[in-house]
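Have a look at the structure below before the remarks.
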Amino acid sequence: MIQPGARTPAPEPLVLVQDLANTVDLEMERDQLRSAADLASFAAEHGLRLTFGADDLAEVLEFREALRDVCQAHAGVDVPAASGAVLERRLSRAPLRLALGADGSAVVQPAADLGGLDALVARMAADIAGAVVDGTWRRLKACAADTCRWVYYDRSPAGRSRWCTMALCGSRNKMRQYRART
């Protein structure tokens, strides 16, 4: 997926999470997920051969926005209680398991018997767990501009980026602040 300001996409394993969050462009009012078939295509693009029902679309859109709220929290905004409840409900239906390798390695992965939306959410939950461990999770952020909220990976040295790109949303915000002062 093309990133604003030529940003580099998030590292694996966060690409699936970032790409799901960015299936909607708020400024252009375009949503890539308009049907269960669109959702199946999205999953297939990420190597997941899953089928979805009509009810799954509404749930994944709700989950997407809750994920976006969590990413915005990484920039200093509290996660709304409603979004926390959505995540709790959705994640509870997507169990994970710990798999141990012959070499003693351990990896969190989705439970084997999952399908559809539960499998998609479990894959993202496992990816997020890995990102928490390697320290990359908190750098996945949502743009602070309410009209944008694009999810980007903050590669700044201090990890304090607030805008998808300074050339777009950051510049607009600075101009608004300037106009308010003058």
Side-chain angles (χ1 to χ4, degrees), residues 1-33 42-43 45-48 60-88 90-91 94 96 105-109 120-182:
M1 190 170 284
I2 297 172
Q3 303 296 312
R7 278 189 182 268
T8 304
E12 287 293 342
L14 292 174
V15 170
L16 177 61
V17 177
Q18 181 183 31
D19 285 353
L20 177 70
N22 290 335
T23 55
V24 65
D25 183 333
L26 297 177
E27 286 186 322
M28 302 303 256
E29 297 179 359
R30 279 186 268 178
D31 198 329
Q32 296 173 22
L33 302 178
F42 170 82
E45 289 169 12
H46 290 85
L48 302 169
V60 81
L61 297 180
E62 185 180 51
F63 181 71
R64 174 184 70 190
E65 293 311 310
L67 275 177
R68 210 194 280 266
D69 286 342
V70 170
C71 291
Q72 200 159 24
H74 293 164
V77 178
D78 289 339
V79 176
S83 293
V86 165
L87 293 169
E88 179 69 29
R90 202 67 225 91
L91 291 168
L96 301 175
S105 62
V107 64
V108 175
Q109 47 187 223
L120 178 64
V121 171
R123 173 76 269 149
M124 286 189 279
D127 292 349
I128 290 168
V132 168
V133 170
D134 71 19
T136 58
W137 172 236
R138 294 203 54 84
R139 286 188 174 255
L140 193 64
K141 299 178 178 182
C143 182
D146 290 337
T147 58
C148 178
R149 296 191 73 213
W150 188 264
V151 173
Y152 64 94
Y153 189 77
D154 181 0
R155 294 182 186 276
S156 67
R160 293 191 183 138
S161 179
R162 296 193 62 229
W163 313 105
C164 61
T165 175
M166 280 306 295
L168 297 173
C169 294
S171 179
R172 290 175 189 160
N173 182 65
K174 285 185 176 191
M175 185 55 73
R176 269 190 233 98
Q177 290 177 352
Y178 172 77
R179 286 182 183 148
R181 287 191 309 265
T182 58

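- A heavy-atom distance below 4.5 Å is not found between the side chains of Arg155 and Arg7.
- Using a cut-off of 4.0 Å between Lys/Arg side-chain N and Asp/Glu carboxylate O, Asp154 and Arg138 are scored as not salt-bridged.
- Side chains of Asp19 and Pro9 form no contact here, defined as non-hydrogen atoms less than 4.5 Å apart.
- Atom CD of Glu62 sits about 9.0 Å away from atom CG of Leu87, to the nearest 0.5 Å.
- Annotation: Asp78, atom CG; neighbour count of heavy atoms from other residues, nucleotides and ligands within 6.0 Å does not exceed 12.
- Residues Phe63 and Leu20 are in side-chain contact: their nearest non-hydrogen atoms beyond the backbone lie under 4.5 Å apart.
- Minimum heavy-atom separation, Val108 to Ala126: O-CB, 3.6 Å.
- Distance check, rounded to the nearest 0.5 Å: OH of Tyr153 to OG1 of Thr136 gives 4.5 Å.
- The structure places CD of Glu27 at 7.5 Å from SG of Cys164, a figure rounded to the nearest 0.5 Å.
- For the pair His74/Ser161, no side-chain contact is recorded, criterion being any heavy-atom separation below 4.5 Å from C-beta on.
- The closest donor-acceptor contact from the side chain of Arg162 to the backbone of Lys141 lies at 3.5 Å or more, if one exists at all.
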- request: For Thr147 and Leu26, run side-chain contact (heavy atoms from CB on, under 4.5 Å): C-alpha distance rounded to whole Å, both residues' side-chain angles, the deciding distance at 0.1 Å, then the answer.
  value: CA-CA 6 Å; Thr147 58; Leu26 297 177; 5.9 Å; no
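- For Gly84 against Val79, the heavy-atom pair with the smallest separation is N-CG1, 4.0 Å.
- With contacts defined as side-chain heavy-atom distances shorter than 4.5 Å, the pair Leu67/Val151 does not qualify.
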task: Before giving the answer on side-chain contact (heavy atoms from CB on, under 4.5 Å), spell out for Val24 and Arg68 the whole-Å C-alpha distance, their side-chain angles and the decisive distance to 0.1 Å.
output: CA-CA 11 Å; Val24 65; Arg68 210 194 280 266; 2.4 Å; yes
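- Closest heavy-atom contact between Pro13 and Asp134: CD-OD2, 4.3 Å.
- Atom OG1 in Thr23 sits 4.0 Å away from atom CG in Leu33 (nearest 0.5 Å).
- Interatomic distance, CG of Leu48 versus CZ of Arg123, reported as 7.5 Å (0.5 Å rounding).
- Looking only at side-chain heavy atoms (C-beta outward), Ile128 and Trp137 come within less than 4.5 Å of each other.
- One finds the CD atom of Gln72 at 6.5 Å from the CG atom of Asp146 (value rounded to the nearest 0.5 Å).
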